[in-house]
There are 2 protein chains.
Amino acid sequence: MFKVNKLTDYATVVMVDLVSADLARPSQKIANNTGIPYPTVNKLMKDLLHAGLVRSHRGINGGYSLASPANKITIADIIQAVEGPIALTSCVNNSLDKCTYEDFCAVQGRWNRVNKAVVTALKKVTVADMT
Amino acid sequence: MFKVNKLTDYATVVMVDLVSADLARPSQKIANNTGIPYPTVNKLMKDLLHAGLVRSHRGINGGYSLASPANKITIADIIQAVEGPIALTSCVNNSLDKCTYEDFCAVQGRWNRVNKAVVTALKKVTVADMT
DNA sequence: CCTAAATAGTACCAATTCAGTACAGTATTA
DNA sequence: TAATACTGTACTGAATTGGTACTATTTAGG
Ligand code: FES
Ligand code: FES
């Protein structure tokens, strides 16, 4: 199947939940709101944080909040945060791994076009659109 | 990672190879042309055949050929042939499985928009474009 | 009619990836 | 200083994927 990770799906749910957060919202509360298990939320937040999509605040009254306005955060951002660079195949420029057939392959480089088209599509939908 | 199966990648290579085939081209020859192992090509062809993307001809002088002009077959077609319906999440309409959180989920149905955008993007690139 | 070429269907296995969990550590506030 | 909540890392069982094997069926040609 051609699909995103379940975790990416959850991540969008989390992001949408954070839209309604004025102050920092702790993982525990996000878990309650969304029905996603607490440990899973916890894991997700780390990825979202590293990608700069949310801000964190430790200690009592700590928690997470969106790092940018909801209409500036795209689905592409979330996918990249959770799954790494978007590379439909290993032949694509920014892929982490390398294609074994690259040397004698007939479609060399052509996937870049496809990849770009998909990324563009994913950049057009924002967290605000998902609310 | 957000990516298509390796087999889908191979499938495009196979399809591109078939563009230059006037008569039916056997799996074995496709394997030689592309460098993809024969058994793998064999498996692929079954999927492509079931999806109606290629025609087959058995017996001596048999083989495969494209079922439509190269500029009418899209990347979306190939992905669907190899991986089944394109459903970025299980919350998407035409998905085969069902989302566990559906009942109380805040982004219910919103993924349909994303899915549609991606499919549209994938339909814009054809086999001819990959040649 | 027989044989070789080639597809068609099914089932299997090893390796990877994924989803979910656990736990010890650190920062912050009251 | 105690309670809260994030941070980092690492582990596991389950699912998926990539690749292979084998048998059956169809077709062309001698
Ligand atoms: S299959 Fe990777 S370069 Fe062509
Ligand atoms: S996560 Fe599937 S319906 Fe929302």
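Since the model is a prediction, treat every value here as computed from it, not as a measurement. Just so it is clear: chains get the letters A, B, ... in the order the sequence lines come, proteins before strands, and each one is counted from 1.
Checked by atom type and distance alone, the side chain of R55(B) never pairs as donor or acceptor with a backbone atom of L66(B) at under 3.5 Å. For the pair R110(B) (side chain) and Q108(B) (backbone), a donor-acceptor distance under 3.5 Å is present. With hydrogens and angles ignored, the 3.5 Å screen pairs no side-chain donor or acceptor of T40(B) with any backbone N or O of I36(B). Not one N or O on the side chain of D9(B) forms a donor-acceptor pair closer than 3.5 Å with the backbone of V4(B).
Of the candidate nucleotides dA5(D), dA5(C), dG19(D), dA5(D) has the atom nearest to the side chain of P26(A). The listed nucleotides are dG25(C), dT27(D), dA8(C); the one nearest the side chain of H57(B) is dT27(D). Among the nucleotides dT7(C), dG20(C), dG8(D), the one closest to any side-chain atom of Y38(B) is dT7(C). Picking from dG8(D), dA19(C), dT27(D) the nucleotide with the shortest atom distance to the side chain of L7(A) gives dA19(C). Nearest nucleotide to the Y64(B) side chain, out of dT29(C), dT21(C), dA8(C): dA8(C). Side chain of R58(B), nearest nucleotide from dT20(D), dA8(C), dT4(D): dA8(C). In this structure, the nucleotide among dC6(D), dG9(C), dA5(C) sitting nearest to the side chain of I60(B) is dA5(C). When the nucleotides dC6(D), dT16(D), dT9(D) are ranked by their closest atom to the side chain of S56(A), dC6(D) comes out on top.
Taking atom NZ of K3(B) as the reference point, atom P of dT16(D) lies 16 Å away to the nearest angstrom. Spacing between atom CG of L44(B) and atom C1' of dG9(C) amounts to 16 Å, rounded to whole angstrom units. If you take CG of N5(A) and P of dT16(D), they are 12 Å apart, rounded to a whole angstrom. For M45(A) and dT4(D), the CE to P distance is 20 Å, given to the nearest whole Å. When the C1' atom of dC18(C) is taken as reference, atom CG of D9(A) falls 14 Å away, rounded to whole Å. When the P atom of dT25(D) is taken as reference, atom CG of N42(B) falls 17 Å away, rounded to whole Å. Rounding to whole angstrom units, CG of residue L23(A) and P of dT28(C) are separated by 18 Å. Between M1(B) atom CE and dC18(C) atom C1' the separation is 11 Å, expressed in whole Å.
Between K29(A) and D17(A), none of the side-chain N atoms (NZ, or NE/NH1/NH2) sits under 4.0 Å from a carboxylate O, so this pair counts as no salt bridge. Using a 4.0 Å cut-off between a side-chain N of Lys or Arg and a carboxylate O of Asp or Glu, D77(A) and K72(A) do not qualify as a salt bridge.
Residue L49(A) is the one, among L49(A) and F2(A), whose nearest nucleotide of DNA chain D lies closer to the 5' end (criterion: closest heavy atom). Projected onto DNA chain C by closest heavy-atom contact, G62(B) and G59(A) fall at different nucleotides, the more 5' of which corresponds to G62(B). Of the two residues near DNA chain D, K46(A) and T40(B), the one whose nearest nucleotide lies more 5' is K46(A).
Within the 4.0 Å cut-off from OP1 or OP2 of dG19(D), at least one side-chain nitrogen or oxygen of Y10(B) is found. Between S27(B) and the phosphate of dT7(C), there is a side-chain N or O to OP1/OP2 separation shorter than 4.0 Å. Contact between the side-chain N/O atoms of H50(B) and the OP1/OP2 oxygens of dG9(C) is found at a separation under 4.0 Å. Between dA5(C) and N61(B), no contact under 4.0 Å exists linking OP1 or OP2 to a side-chain N or O.
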